[in-house]
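All of these numbers come straight from a predicted model, not from anything done at the bench. Note that ligands are numbered from 1 as they come in the structure, with each ligand's atoms numbered from 1 the same way.
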Amino acid sequence: MKALVYKGPRNVQITDVPDPKIEKPTDVLVKITSTNICGSDLHMYEGRTDVEEGKVLGHENLGQVVEVGKAVTRIQAGDYVCLPFNISCGFCKNCERGLTGFCLTMNPGNAGAAYGYAGMGPYNGGQAEYLRVPYGDFNCLKLPDDAEEKENDYVMLSDIFPTGWHATELAGLRPGESIVIFGCGPVGSMAAHSAMIKGASKVIIVDRHPDRLELARKIGVIAIDDSKGSPVEQILEITGGEGADRGCECVGYQCHDPAGHEIPNMTMNALVQSVRPTGGIGVVGVFVSEDPGSKDKLAKEGKLAFDFGAFFEKGLHMGTGQCNVKAYNRYLRNLIHTGRANPSWIISHELALDEAPDAYKHFDSRERGWTKVILHPQKSGSRNRSRSASVRKGQPEAAHAE
Ligand SMILES: [Zn+2]
Ligand SMILES: [Zn+2]
């Protein structure tokens with residue numbers, strides 16, 4: 001089959017690789033019909049991880065089941081399923097508590113496994129024609145009969161929609177509260193979408209890419225451009241000097257100032273300053289335990305100069321870590337099914353698999369208009385859909401959104 005393979009820093013290629021097979025009786029084989037490029041794929045693309053050459057990337061996957069192992073009972077060939085990016089067993093200590101992002105079985109010696117990702121186990125990704133899904137009964141989210149019609153919405157259940165939702169959960173958001181979200185990439189945008197659905201009184205987002213800020217405004221979010229002045233001051237002004245009730249970090253360890261210089265502690269300390277005393281912070285942007293490629297001495301060792309004194313004095317609390325997708329994906333699926341959520345508004349490009357290497361290049365350089373790329377491995381040739389077409393199809397009106 002054809003797959004997108006990591007060959008080295010800023011080098012990904014479409015290559016023929018062996019077809020995945022049923023290896024264990026609990027496996028399911030899925031023909032991938034939609035798979036996204038994720039912002040976190042760019043950490044690998046840029047050579048800022050220890051991902052091995054030859055790995056098939058892609059952890060945001062949806063498709064149709066083509067074969068099931070002998071021990072699979074719930075899932076059948078023909079089912080449309082969305083796969084959480086976490087691969088989990090369902091029976092370990094963490095999975096039993098719903099913490100499937102920290103499964104102790106699938107990546108021995110570590111907590112948490114994923115498809116096609118550095119340090120997350122030996123699993124290939126789904127930017128390919130087919131994908132092997134371990135423990136298929138547990139890991140497949142079955143989609144309803146509008147699976148094909150709403151495929152572009154449902155594929156967001158693999159990662160960014162639940163991850164954005166998780167950021168607001170970790171922050172402790174309750175209806176009527178205000179929330180500030182650092183980062184208006186796909187995950188930050190989904191955190192904003194989630195906060196609107198949950199009934200936040202004010203949703204503020206901080207970024208500097210005009211196209212992304214404009215998209216956020218369209219769903220009723222207050223968008224702050226941090227290249228035009230201190231984001232903290234702007235947030236304090238909007239919240240009557242008090243700070244937002246809740247804050248989310250949706251950028252991660254490669255955060256940088258508007259001039260492009262990486263400042264690893266920038267968003268974390270800005271959150272401490274812009275969330276009100278006794279408020280909560282949710283961190284889902286990726287941070288790593290070592291980053292040899294960083295120019296920052298502390299960051300090389302995975303450390304941050306964090307304003308812990310201010311964090312303590314304000315009595316803030318913080319939740320961190322990757323999303324346990326299975327904790328939310330059924331419910332978010334139902335919100336999509338009934339039309340209460342429509343996360344596909346984030347999509348800017350729908351492409352064939354062959355076009356993926358080029359798409360990585362555009363997405364990595366944060367080119368204007370490249371907010372979210374979705375690949376359709378079963379379609380050949382260019383299906384390049386411009387933002388304007390996407391907006392016509394998927395962009396909600398503010399009133400409809402929530
Ligand atoms: Zn992702
Ligand atoms: Zn487990």
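- In summary, K198 and E169 engage in a salt bridge, as defined by a charged side-chain N under 4.0 Å from a carboxylate O.
- Looking at I346 and M190, their side chains come closer than 4.5 Å, going by heavy atoms from C-beta outward.
- The pair R366-E46 counts as a salt bridge, with a side-chain nitrogen and a carboxylate oxygen less than 4.0 angstrom apart.
- Less than 2.8 Å away from the Zn ion (ligand 2), the protein contributes these N/O/S atoms: C89 SG, C92 SG, C95 SG, C103 SG.
- Using a cutoff of 4.0 Å between basic side-chain nitrogens and carboxylate oxygens, R48 and E262 are scored as salt-bridged.
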Please list, one pair per line, the donor and acceptor atoms closer than 3.5 Å that link side chains of residues 93-101 to other protein atoms, with sequence neighbours excluded.
from, atom 1, to, atom 2, distance (Å)
N94, ND2, F102, O, 2.8

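- Taking the six-membered ring where tryptophan is involved, the planes of Y115 and Y123 are perpendicular, since the angle between them exceeds 60° and thus also 30°.
- Protein contacts to the Zn ion (ligand 1) involving N, O or S atoms at a distance below 2.8 Å are C38 SG, H59 NE2, E60 OE2, D159 OD2.
- Sorted by first then second residue, the ring-ring contact (aromatic ring centres under 6.0 Å, His included) pairs that include residues 54-78, not counting sequence neighbours, are H59-F85, H59-Y117.
- Using a 4.0 Å cut-off between charged nitrogen and carboxylate oxygen, D226 and R208 count as a salt-bridge pair.
- Remark: K372 is not positioned above the aromatic ring of W345, lacking an NZ or CZ atom under 6.0 angstrom from the ring centre and at most 45 degrees off the axis.
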